[in-house]
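It should be emphasised that the depicted structure is a prediction, and the values quoted were computed from it without experimental measurement. Every chain is numbered from 1 and lettered A, B, ... according to where its sequence line falls, protein lines coming before strand lines.
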Number of protein chains: 2
Amino acid sequence: MNIRKSKPRGAILEELQKLKTHPRGDELYDIVRRRLPQISLGTVYRNLDLLRRQGRVAAIFCGDFNRYDGDISSHPHFLCRQCKRLWDFEASGIPEKIEPVRDDDVFQVEGHYIVFYGLCDRCPSE
Amino acid sequence: MNIRKSKPRGAILEELQKLKTHPRGDELYDIVRRRLPQISLGTVYRNLDLLRRQGRVAAIFCGDFNRYDGDISSHPHFLCRQCKRLWDFEASGIPEKIEPVRDDDVFQVEGHYIVFYGLCDRCPSE
DNA sequence: TTTGATGCAAAGTATTTGCAATCGG
DNA sequence: CCGATTGCAAATACTTTGCATCAAA
């Protein structure tokens with residue numbers, strides 16, 4: 001499959017890279033739409049997945065892999081378990097490398113991520 | 001709110017603790033239903049959230065916190081980004097403790113988790 | 001008796017998909 | 001031109017919620 005350039009894809013990548021918080025597909029759609037009003041939701045989701053496959057954006061997947069980060073360097077995140085927003089997060093004690101104990105044929109490991117969770121200042125505790 | 005015992009809740013916790021793979025609410029519903037055919041999906045979701053608040057089950061949250069683990073000890077997981085199943089995973093280099101650099105009032109950290117991702121042996125590569 | 005918990009069904013939220021039209025190389 | 005990409009809309013997947021009823025203490 002020969003990948004072409006397209007205006008929507010360029011805009012999606014640029015807008016994602018501008019953000020410090022890491023949006024879901026639909027949230028990024030709302031942002032990109034301010035620039036390309038005719039863009040469709042499906043296009044945003046399709047391109048985010050394509051960009052992820054190309055390694056040009058990072059996806060924090062779990063359940064549904066639905067948070068994207070324009071910064072592809074490995075770094076920990078903080079996730080608010082109430083509002084579900086995700087931020088970059090600094091932590092000490094992050095190891096240089098973490099490796100699977102066994103390299104068998106059951107799991108084909110591509111990478112890993114570290115997620116801190118809790119509540120952000122905008123979310124009241126239960 | 002005074003928490004009572006109930007047969008559905010007991011069955012949900014027991015069935016979850018039996019599993020090695022970590023189901024979503026609807027998957028656990030299918031399992032518990034074999035034992036309590038009249039149980040409803042809403043009951044399973046409500047109880048999983050209650051058990052999580054009590055610290056009796058672990059939730060791997062992200063986006064939607066929808067994978068539950070009956071083993072509440074801290075351990076890394078492997079997530080297949082295609083079929084979205086989640087397993088326990090052994091890795092070396094896991095630090096004893098990882099800590100936030102700043103303890104400010106923006107984030108109230110409750111814990112963290114490490115997720116390896118990639119493809120499992122049942123999922124073909126793209 | 002009190003009120004927490006349930007079953008059911010409808011609604012809500014996020015994402016994916018089919019298809020004809022469009023655009024890039 | 002050819003086939004990758006799009007917009008649109010319908011479909012799907014998973015989770016939450018309202019409410020009348022049931023049941024634990």
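- Summarising the geometry, atom CG belonging to A/Asp26 is positioned 10.5 Å from atom CZ belonging to A/Arg33; distances are rounded to the nearest 0.5 Å.
- Atom NZ in B/Lys7 sits 13.5 Å away from atom OG1 in B/Thr43 (nearest 0.5 Å).
- Protein atom CG of A/Leu28 is 14 Å distant from nucleotide atom C1' of C/dA14, rounded to whole Å.
- For the atom pair CG of B/Leu48 and CZ of B/Arg53, the computed distance is 11.0 Å after rounding to the nearest 0.5 Å.
- If you take OH of A/Tyr68 and C1' of C/dA14, they are 11 Å apart, rounded to a whole angstrom.
- Protein atom CZ of A/Arg52 is 14 Å distant from nucleotide atom P of C/dT15, rounded to whole Å.
- A heavy atom lying under 4.0 Å from DNA chain C marks the following residues of residues 33-41 of chain B, by number: B/Gln38, B/Ile39, B/Ser40.
- One donor-acceptor pair, N or O on each side, does fall under 3.5 Å between the base of C/dG7 and the side chain of B/Arg46.
- The distance between atom CD1 of A/Ile12 and atom P of C/dT15, rounded to the nearest whole Å, is 14 Å.
- Here C/dG4 presents its C1' atom at 12 Å from CZ of B/Arg53, a figure rounded to the nearest Å.
- Checked against C/dT16, D/dC8, C/dT6, the side chain of A/Tyr45 finds its nearest nucleotide in C/dT16.
- Annotation: the span from A/Tyr117 atom OH to B/Ile60 atom CD1 amounts to 7.5 Å, rounded to 0.5 Å.
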Which atom pairs link the protein and nucleotides 2-5 of chain D when you take only N or O atoms and keep those under 3.5 Å?
residue : atom : partner : partner atom : Å
D/dG3   : N2   : A/Arg4  : NH1          : 2.3
D/dG3   : N3   : A/Arg4  : NH1          : 3.3
D/dA4   : O3'  : A/Asn2  : O            : 3.2
D/dT5   : OP1  : A/Arg4  : N            : 2.8
D/dT5   : OP1  : A/Arg4  : O            : 3.4
D/dT5   : OP1  : A/Arg9  : NH2          : 2.8

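- At a threshold of 4.0 Å, the pair A/Arg35-A/Glu14 counts as salt-bridged, since one of the basic side-chain nitrogens sits closer than that to a carboxylate oxygen.
- Here the shortest heavy-atom pairing between A/Asp49 and A/Tyr68 reads N-OH, 4.4 Å.
- Between B/Phe89 and A/Phe107, the angle of the ring planes goes over 60°, which puts this pair in the perpendicular group of the 30/60° scheme.
- Spacing between atom CZ of B/Arg24 and atom C1' of D/dA13 amounts to 8 Å, rounded to whole angstrom units.
- Remark: P of C/dA14 and CG of A/Leu48 are 15 Å apart, rounded to the nearest angstrom.
- Each of B/Leu36, B/Val57, B/Leu50, B/Leu28 was compared with B/Ile12 under the side-chain contact (heavy atoms from CB on, under 4.5 Å) criterion, and only B/Leu28 meets it.
- Stretches of at least 3 consecutive Watson-Crick or G-U wobble pairs, with each checked distance under 3.5 Å, appear in DNA chain C as C:1-25 with D:1-25.
- Between the OG atom of B/Ser73 and the CG atom of B/Asp88 there is a distance of 7.5 Å, given to the nearest 0.5 Å.
- Counted by atom type alone, B/His22 and B/Asp71 present zero donor-acceptor pairs between their side chains at under 3.5 Å.
- Interatomic distance, CZ of B/Arg9 versus CD of B/Gln54, reported as 6.5 Å (0.5 Å rounding).
- Atom CD1 in A/Ile60 sits roughly 18 Å away from atom P in C/dA14 (whole-Å rounding).
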